[in-house]
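Everything below concerns the one structure shown next.
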Amino acid sequence: MTKPNPFEIAQKQLDDCAKILMLDSDVHEILRHPMRELHVSIPVRMDDGRTHVFQGFRVQYNDARGPTKGGIRFHPEETIDTVRALAAWMTWKCSLLDLPLGGGKGGVVCNPKELSVGELERLSRAYIDRVWQFIGPDKDIPAPDVYTNSQIMAWMLDEYSKIAGKNIFGCITGKPVCIGGSCGREDATARGGMYTIREAAKESNIDLKKATVAIQGYGNVGCNAAVLCRELFGSKVVAVSDSKGGVYNKDGLNLENVCVYKAETASVVNSPHTQPISNEELLELDVDILIAAALENVITKDNASKIKAKMLAELANGPTTPEADAILYNNGVHVIPDFLCNAGGVTVSYFEMVQNISMYCWSLEEVYERLDSKMSYAYHTVLDASKAYNINMRQAAYVVAVGRVVEAMRLRGWV
Ligand code: GLU
């Protein structure tokens, strides 16, 4: 079976929205393609003395609302089309949260699990050496994404600052707090998603204290989401999974044990006092809330009708295909679409930029409060649009986000 192309999916979602908004064809055509993209070859000296050339990308999708913004992924299966799709989704995400930013994304084809710390540092710095003319605080601001983290952002900040001859904190976000990062950025994606789940639970009549949760994907986002579901709501997390498989306990998992086990063995599989479960089985569990926190295209036309959860929270980017979307909608599953549900990360990244500009640090409480207010407001804006137009939550998120980008393009005189 050929894998769905994420960029074709992103374009299809946009085409659907263009019909609802009755967009002019010229406006629609601009929005269907990235504004600019850079392909780079990155030579890196490996520990064995040889030089390996990695392929990398940076896509700037649309900057009508402000400088482009979005993470950098290090992944063995990275492709230009994945980066294009993610850059498009960043455009809609920043717009939906009403941030003064456009959308972009970067990627390097590599397997960080097979690189030494030294190789990873040299690759991170070399990526910046290749793209630095293209990025900057008021041009395009990278951040962490799949398999990149605050340490990698620190190396990238350092490399960019060395080239510039001065500290430029604003060139990247998701930095460690002691070098211009923001409190609360580490778990911001998961926490932001929790605020939308809390609001969605009111709409779907789910009592979060009694709710059961299954989480597909146990990286930074999935792991934080599990802990937060328990801490903020008292919900019971009964299943989690990673790329190697999953674990289940109907009475609720001991999350601390699962975390320690994963740190020791690099997977949750076989952690004590759990039953094994496959990724496919996890998605079909009879739980109140299903959280997709891994990669694209896991909910497709083949499994969508088997999903029993009342709510699907998409903390990953692009986990659901358009065919699956229609099935979930008909079956009454309340979907919190990706670029709404996972917007907490870029929202705190934006807070980080604001703090960097004013050289002032907000407290953790201030960050949480502002994040909650932005996420809750965005959720209700989408919910209202879905009711007003009688469309599903993803279509509604598109209508709001794309509508704002189109308005910015009109005001600038692009169309
Ligand atoms: N990579 C995250 C995302 O997909 C965060 C992006 C950012 O902070 O710029 O939303």
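Every heavy atom of this structure was used, including side-chain atoms; hydrogens, water molecules and symmetry mates were not. This chain uses plain numbering: 1 for the first residue, then up along the sequence.
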Looking at [X] and [Y], would you say the former's side chain and the latter's main chain have a donor-acceptor pair under 3.5 Å?
{"X": "N303", "Y": "T300", "value": "yes"}
{"X": "D81", "Y": "F7", "value": "no"}
{"X": "T212", "Y": "D288", "value": "yes"}
{"X": "S305", "Y": "K301", "value": "no"}
{"X": "Y61", "Y": "R32", "value": "yes"}
{"X": "N279", "Y": "D242", "value": "yes"}
{"X": "Q216", "Y": "L283", "value": "no"}
{"X": "K69", "Y": "I141", "value": "yes"}
{"X": "R130", "Y": "S41", "value": "yes"}

Shortest non-hydrogen contact between [X] and [Y], atoms and distance:
{"X": "L255", "Y": "A226", "result": "CD1-O, 3.5 Å"}
{"X": "V213", "Y": "S235", "result": "CG2-CB, 3.9 Å"}
{"X": "L123", "Y": "F54", "result": "CD1-CD1, 3.7 Å"}

What is the distance from atom [atom1] of [X] to atom [atom2] of [Y], rounded to the nearest 0.5 Å?
{"X": "S150", "Y": "N220", "atom1": "OG", "atom2": "CG", "result": "9.0 Å"}
{"X": "K113", "Y": "S243", "atom1": "NZ", "atom2": "OG", "result": "4.5 Å"}
{"X": "N342", "Y": "T347", "atom1": "CG", "atom2": "OG1", "result": "9.5 Å"}
{"X": "R185", "Y": "F351", "atom1": "CZ", "atom2": "CZ", "result": "11.5 Å"}
{"X": "D286", "Y": "K250", "atom1": "CG", "atom2": "NZ", "result": "14.0 Å"}
{"X": "N330", "Y": "I327", "atom1": "CG", "atom2": "CD1", "result": "8.0 Å"}

In this structure, are over 12 heavy atoms from other groups packed under 6.0 Å from [X] atom [atom1]?
{"X": "K19", "atom1": "NZ", "result": "no"}
{"X": "K202", "atom1": "NZ", "result": "yes"}
{"X": "H380", "atom1": "NE2", "result": "yes"}
{"X": "D251", "atom1": "CG", "result": "yes"}
{"X": "E199", "atom1": "CD", "result": "yes"}
{"X": "E369", "atom1": "CD", "result": "no"}

Exercise. So, do D16 and R394 sit near enough that their side-chain heavy atoms are less than 4.5 Å apart?
Worked result: no
So, [X] and [Y], do they make that salt bridge, N to O below 4.0 Å?
{"X": "R122", "Y": "D47", "answer": "yes"}
{"X": "R230", "Y": "E256", "answer": "yes"}
{"X": "K12", "Y": "E8", "answer": "no"}
{"X": "D98", "Y": "R65", "answer": "yes"}

Exercise. Among I206, L290, V333, which one satisfies side chain to side chain contact (heavy atoms under 4.5 Å, CB included) with K310?
Worked result: I206
For this session: May I ask you to decide if the ring planes of F57 and H39 are parallel, tilted or perpendicular, using 30° and 60° as cut-offs?
Result: perpendicular
For this session: Give the intermediate values and the outcome of side-chain hydrogen bond (donor to acceptor under 3.5 Å, both in side chains) for residues W89 and Q13.
Result: CA-CA 10 Å; W89 290 327; Q13 291 167 340; 3.0 Å; yes
Problem set entry | T148/R73 under side-chain hydrogen bond (donor to acceptor under 3.5 Å, both in side chains): CA gap, chis, key distance, verdict | CA-CA 6 Å; T148 52; R73 303 212 305 184; over 6 Å; no
